[in-house]
Peer 1: 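Dropping a structure here in structure tokens format, bear with me for questions.
Each chain gets a letter, A, B and so on, in the order its sequence line appears, and its residues count up from 1.
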Amino acid sequence: MLQVNFIKANREAVLKGLAKKHFAETSLVDTIISLDDERKKLQFELDERQSKINTFSKEIGQLMATGEKRLAEEKKLEVASLKSFLQPVSEKLSEIEKDLHDTLVKLPNLPHSSVPIGKTPEENEIVKEGGQKPSLSYKAVPHWDLAKKYDLINFELGNKVTGAGFPFYKNKGAKLQRALIQYFLDYNTAAGYTEYEPPFMVNEASAFGTGQLPDKEDQMYLATADNLFLIPTAEVPLTNIYRDEIIKENELPVKMTGYTPCFRREAGSYGKDVRGLNRVHQFDKVELVQLVHPEKSYEVLEEMVVHVEKLLQSLHLPYRILRLCGGDMSFASALTYDFEVYSAAQEKWLEVSSVSNFETFQTNRMKIRFKGAGKTQLVHSLNGSSLALPRIVAALLENNQTADGIKLPEVLWKYFGEQSIK
RNA sequence: GGAGAGUUGUCCGAGUGGUUGAAGGAGCACGCCUGGAAAGUGUGUAUACGGGAAACUGUAUCGAGGGUUCGAAUCCCUCACUCUCCGCCA
């Protein structure tokens, strides 16, 4: 969430930013400002009275000690009257604090100046295209048919055992998952990221910290008996490792990577977009998270983009990098690059990674700070996928299909044990 | 699931009603000492929100929330979490 003081000092810029994000409820900004003014006023009153009470209490203590009971009793009465004034003020204050917080949480992050203007995915800016689209001599077969042909994935079995969108990976299909995860993690740790295997469920505070709550609880599975959410991405547990922590400046940047399954209810999805591996409720992903000095975050964002790009290049997949426009960006992000790979049979681009700088939007919620020479301040958080598996698998299958099997890129050979799927 | 113990600052740990934001130790920072380092030694070392140009200063915070009291880390209640033993179990 945005910082109140920032909003107050930059009202116009905030309004402009919200407009760029196509956020309609701009009146919230002034609501926040007046709530905070009110908050300050009440807090000040309260502090003053409390200060008097504290002084009196100490005096009463001394009077009691010297046996001056009558004077002590008089002071007690004074304190009582101060307190009766205090109570309604303090109730009002907590009400306002709650309002302020609830309102603050509704504002999305502001877009970075380089974010393209636009509302729909069509208006995203294509920053770069790389790799070669395959030229197949025959009509490319979609991955769901290839998966059946080579007995790699069983969607129907998933329907039976769990429900739609929970595929079984099988035989070489299962092994390919394992190989990709292993490869991605090795690639990330070689770049200095610390590997974690986090819990796959998180509590409410964690879900709030990264911005899943309060609005997006529809997208998460909830284990009600224990009030735990199944993670929609490793970003949630990884970033929350540092919730309520003050990091030493020389320990920045914090670089983390982790593999987890990701669980998404995807409420409201339908149609051909959800065919095969395009959109599933449970999928594997290796994630990157960085906590960095505020001055470095955009530099780091570019580094992460290059990092993910090289990973895609090593898989020899045709890809493109998009800079998301204001209207298509996520609630919490200040700047997002999406990576898409081309799938030859479906003849469309599939999103496989999203790399974002959240600046202080998440860290303000989580109170992740660092202490340097000067004062304690919030760090910037960034994250990105490297990579989400299902669509990578879809593209690998579709793009690399040949008459006698599916060829795998060389980087996977040692992990997969073979050069192709037959 | 049953029984018990616990949750204090960066960490360890003392503290059962009155200058306790909190003893002591460790760690860390800076200084002294040293040719340099270690050891030794001195000083400093929480966070949030306010007021103030600043020095500085007010309030809150000892798991969370509530209560008793003029006054609570200390007493009472509720909740959460952790640990130990037993049971169950990969």
Peer 1: Without placing hydrogens or testing angles, list every side-chain donor-acceptor pair under 3.5 Å for residues 90-100 of chain A, not counting sequence neighbours.
Peer 2:
from: Glu91(A); atom 1: OE2; to: Gln87(A); atom 2: NE2; distance (Å): 3.4
from: Ser94(A); atom 1: OG; to: Ser90(A); atom 2: O; distance (Å): 2.9
from: Ser94(A); atom 1: OG; to: Glu91(A); atom 2: O; distance (Å): 3.2
from: Lys98(A); atom 1: NZ; to: Asp102(A); atom 2: OD2; distance (Å): 2.8

Peer 1: Once you round it to whole Å, what is the distance between P of C28(B) and CD of Glu251(A)?
Peer 2: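 So the two atoms are 12 Å apart, to the nearest Å.
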
Peer 1: Identify every side-chain donor-acceptor pair in residues 328-336 of chain A under 3.5 Å, counting partners at least two apart or on other chains, and give the distances.
Peer 2:
from: Asp328(A); atom 1: OD2; to: Asn124(A); atom 2: ND2; distance (Å): 3.0
from: Ser330(A); atom 1: OG; to: Ser333(A); atom 2: N; distance (Å): 3.4
from: Ser333(A); atom 1: OG; to: Leu335(A); atom 2: N; distance (Å): 3.2
from: Ser333(A); atom 1: OG; to: Leu335(A); atom 2: O; distance (Å): 3.3
from: Ser333(A); atom 1: OG; to: Thr336(A); atom 2: OG1; distance (Å): 2.5
from: Thr336(A); atom 1: OG1; to: Ser356(A); atom 2: OG; distance (Å): 2.8

Peer 1: Using whole Å, what does the distance between atom P of nucleotide A48(B) and atom CD of Gln3(A) come to?
Peer 2: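 Rounded to whole Å, this separation is 11 Å.
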
Peer 1: Between Gln377(A) and Lys248(A), name the one whose nearest nucleotide on RNA chain B is closer to the 5' end.
Peer 2: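 Closer to the 5' end of RNA chain B: Lys248(A).
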
Peer 1: Can you sort out the partners of His22(A) under ring-ring contact (aromatic ring centres under 6.0 Å, His included), two or more places apart, ordered by chain and number?
Peer 2: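 Applying ring-ring contact (aromatic ring centres under 6.0 Å, His included) to His22(A) gives none.
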
Peer 1: Taking OP1 and OP2 of G58(B), is either one under 4.0 Å from a side-chain nitrogen or oxygen of Gln50(A)?
Peer 2: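 Answer is no, no contact under 4.0 Å.
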
Peer 1: Please report, to 0.1 Å, the donor-acceptor pairs under 3.5 Å made by any side chain of residues 223-245 of chain A, with sequence neighbours excluded.
Peer 2:
from: Asn227(A); atom 1: ND2; to: Glu204(A); atom 2: OE1; distance (Å): 2.7
from: Thr233(A); atom 1: OG1; to: Glu235(A); atom 2: N; distance (Å): 3.0
from: Thr233(A); atom 1: OG1; to: Lys285(A); atom 2: NZ; distance (Å): 2.8
from: Glu235(A); atom 1: OE1; to: Asn383(A); atom 2: ND2; distance (Å): 3.2
from: Glu235(A); atom 1: OE2; to: Gln362(A); atom 2: NE2; distance (Å): 2.8
from: Glu235(A); atom 1: OE2; to: Asn383(A); atom 2: ND2; distance (Å): 3.2
from: Thr239(A); atom 1: OG1; to: Glu235(A); atom 2: O; distance (Å): 2.6
from: Asn240(A); atom 1: OD1; to: Arg243(A); atom 2: NE; distance (Å): 2.7
from: Asn240(A); atom 1: ND2; to: Ser206(A); atom 2: O; distance (Å): 2.9
from: Asn240(A); atom 1: ND2; to: Val236(A); atom 2: O; distance (Å): 2.8
from: Arg243(A); atom 1: NH2; to: Ser206(A); atom 2: OG; distance (Å): 2.8

Peer 1: For the C1' atoms, the ones on G13(B) and on G6(B), what distance do you get once it is rounded to whole angstrom?
Peer 2: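 These two C1' atoms come out 14 Å apart once rounded.
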
Peer 1: Please measure how far the P atom in C77(B) lies from the corresponding atom in G4(B), and state the result in whole Å.
Peer 2: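 Comparing P positions in C77(B) and G4(B) gives a spacing of 15 Å.
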
Peer 1: Does a side-chain N or O of Thr376(A) approach OP1 or OP2 of U47(B) to a distance below 4.0 Å, or not?
Peer 2: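 Affirmative; the distance criterion is met.
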
Peer 1: Distance check needed: G65(B) P versus Lys98(A) NZ, whole Å only.
Peer 2: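 Distance, rounded to whole Å: 15 Å.
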
Peer 1: OP1, OP2 of G58(B) versus side-chain N and O of Arg49(A): anything below 4.0 Å?
Peer 2: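 For G58(B), neither OP1 nor OP2 has a side-chain N or O of Arg49(A) closer than 4.0 Å.
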
Peer 1: In whole Å, I'd like the distance from the CG atom of Asn227(A) to the P atom of C79(B).
Peer 2: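 Going from CG in Asn227(A) over to P in C79(B) covers 16 Å.
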
Peer 1: What pair of heavy atoms forms the shortest contact from Ser385(A) to Val308(A), and how long is it?
Peer 2: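 Looks like O-CG2, 3.6 Å.
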
Peer 1: Toss me the dot-bracket line for RNA chain B: Watson-Crick and G-U wobble, both under 3.5 Å, 5' to 3', using | for pairs to another strand and [ ] for crossers.
Peer 2: ((((((((.[[[..)..(.....]]]((((((.......))))))((((((....)))))).[[[[[..)....]]]]])))))))....

Peer 1: Could you state the atom-to-atom distance from NE2 of His101(A) to C1' of A48(B) in whole Å?
Peer 2: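 Going from His101(A) (NE2) to A48(B) (C1'), I get 14 Å.
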
Peer 1: Work out how far the P atom of G66(B) is from that of A53(B), and round it to whole angstrom.
Peer 2: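 Here G66(B) and A53(B) have their P atoms 34 Å from each other.
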
Peer 1: When rounded to the nearest Å, what value does the distance between C1' atoms of C76(B) and C28(B) take?
Peer 2: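 Comparing C1' positions in C76(B) and C28(B) gives a spacing of 40 Å.
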
Peer 1: Please tell me if the side chains of Thr360(A) and Gln377(A) come closer than 4.5 Å, counting only heavy atoms from C-beta onward.
Peer 2: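 Not touching, per the 4.5 Å side-chain cut-off.
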
Peer 1: Please measure how far the P atom in U20(B) lies from the corresponding atom in U57(B), and state the result in whole Å.
Peer 2: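 Per the computed distance, 16 Å lies between those P atoms.
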
Peer 1: Taking only the C1' atom of each, what is the distance from A48(B) to G42(B) in whole angstrom?
Peer 2: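 These two C1' atoms come out 32 Å apart once rounded.
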
Peer 1: When you compare the protein's N or O atoms with those of nucleotides 49-54 of chain B, which come within less than 3.5 Å of each other, and at what distance?
Peer 2:
from: C49(B); atom 1: O3'; to: Arg39(A); atom 2: NH2; distance (Å): 2.5
from: C49(B); atom 1: O2'; to: Arg39(A); atom 2: NH2; distance (Å): 2.7
from: G50(B); atom 1: OP1; to: Arg39(A); atom 2: NH2; distance (Å): 3.3
from: G50(B); atom 1: O5'; to: Arg39(A); atom 2: NH2; distance (Å): 3.3

Peer 1: Tell me every residue that passes salt bridge (charged side-chain N to carboxylate O under 4.0 Å, His left out) with Asp37(A), counting only those two or more places apart in sequence or in another chain.
Peer 2: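 Residues passing salt bridge (charged side-chain N to carboxylate O under 4.0 Å, His left out) with Asp37(A): Lys8(A).
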
Peer 1: Between A46(B) and A22(B), how far apart are the two P atoms, rounded to whole Å?
Peer 2: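 Roughly 10 Å separates the two P atoms.
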
Peer 1: Can you give me the N/O atom pairs linking the protein to nucleotides 66-73 of chain B at distances under 3.5 Å, or say none if there are none?
Peer 2:
from: C70(B); atom 1: O2'; to: Ser57(A); atom 2: OG; distance (Å): 3.0
from: G71(B); atom 1: OP1; to: Lys83(A); atom 2: NZ; distance (Å): 2.5

Peer 1: Just jot down the side-chain hydrogen bond (donor to acceptor under 3.5 Å, both in side chains) partners of Glu251(A), sequence neighbours excluded, or say none.
Peer 2: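 Partners of Glu251(A) under the side-chain hydrogen bond (donor to acceptor under 3.5 Å, both in side chains) test: none.
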
Peer 1: State which residues pass side-chain contact (heavy atoms from CB on, under 4.5 Å) with Leu107(A); sequence neighbours excluded, sorted by chain then number.
Peer 2: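 So Leu107(A) forms a side-chain contact (heavy atoms from CB on, under 4.5 Å) with Leu2(A), Ile7(A), Leu18(A), Phe23(A), Leu28(A), Val29(A), Ile32(A).
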
Peer 1: When the C1' atoms of G9(B) and G63(B) are considered, how many whole Å apart are they?
Peer 2: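 Those two atoms are separated by 14 Å.
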
Peer 1: Does Glu156(A) offer a backbone N or O that forms a donor-acceptor pair with the side chain of Asn154(A) under 3.5 Å?
Peer 2: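 Checked: pair present.
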
Peer 1: Calculate the interatomic distance between Lys371(A) atom NZ and G44(B) atom C1'; express it in whole Å.
Peer 2: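 Rounded to whole Å, this separation is 12 Å.
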
Peer 1: How long is the line joining CD of Glu97(A) and C1' of U59(B), in whole Å?
Peer 2: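 Whole-Å distance recorded here is 12 Å.
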
Peer 1: Would you please name every residue forming a ring-ring contact (aromatic ring centres under 6.0 Å, His included) with His316(A), sequence neighbours left out?
Peer 2: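 Result, ring-ring contact (aromatic ring centres under 6.0 Å, His included) vs His316(A): none returned.
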
Peer 1: By nearest nucleotide on RNA chain B, pick out whichever of Arg369(A) and Thr55(A) is the more 5' one.
Peer 2: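 Its nearest nucleotide lies further toward 5', so the answer is Arg369(A).
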
Peer 1: Atom CD1 of Ile246(A) to atom P of C11(B): distance rounded to whole Å?
Peer 2: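 Taking atom P of C11(B) as the reference, CD1 of Ile246(A) is at 11 Å.
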
Peer 1: Reckon Asn54(A) has a side-chain N or O less than 4.0 Å from the OP1 or OP2 of U59(B)?
Peer 2: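 Answer yes for this pair, as a side-chain N or O of Asn54(A) is under 4.0 Å from OP1 or OP2.
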
Peer 1: Can you list the residues that meet the side-chain contact (heavy atoms from CB on, under 4.5 Å) rule with Lys170(A), with sequence neighbours excluded?
Peer 2: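 Only Asp151(A) meet the side-chain contact (heavy atoms from CB on, under 4.5 Å) criterion with Lys170(A).
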
Peer 1: Treating Ser51(A) as the side-chain partner and Asp47(A) as the backbone partner, does any N or O pair qualify as donor plus acceptor under 3.5 Å?
Peer 2: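 Answer holds: no.
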
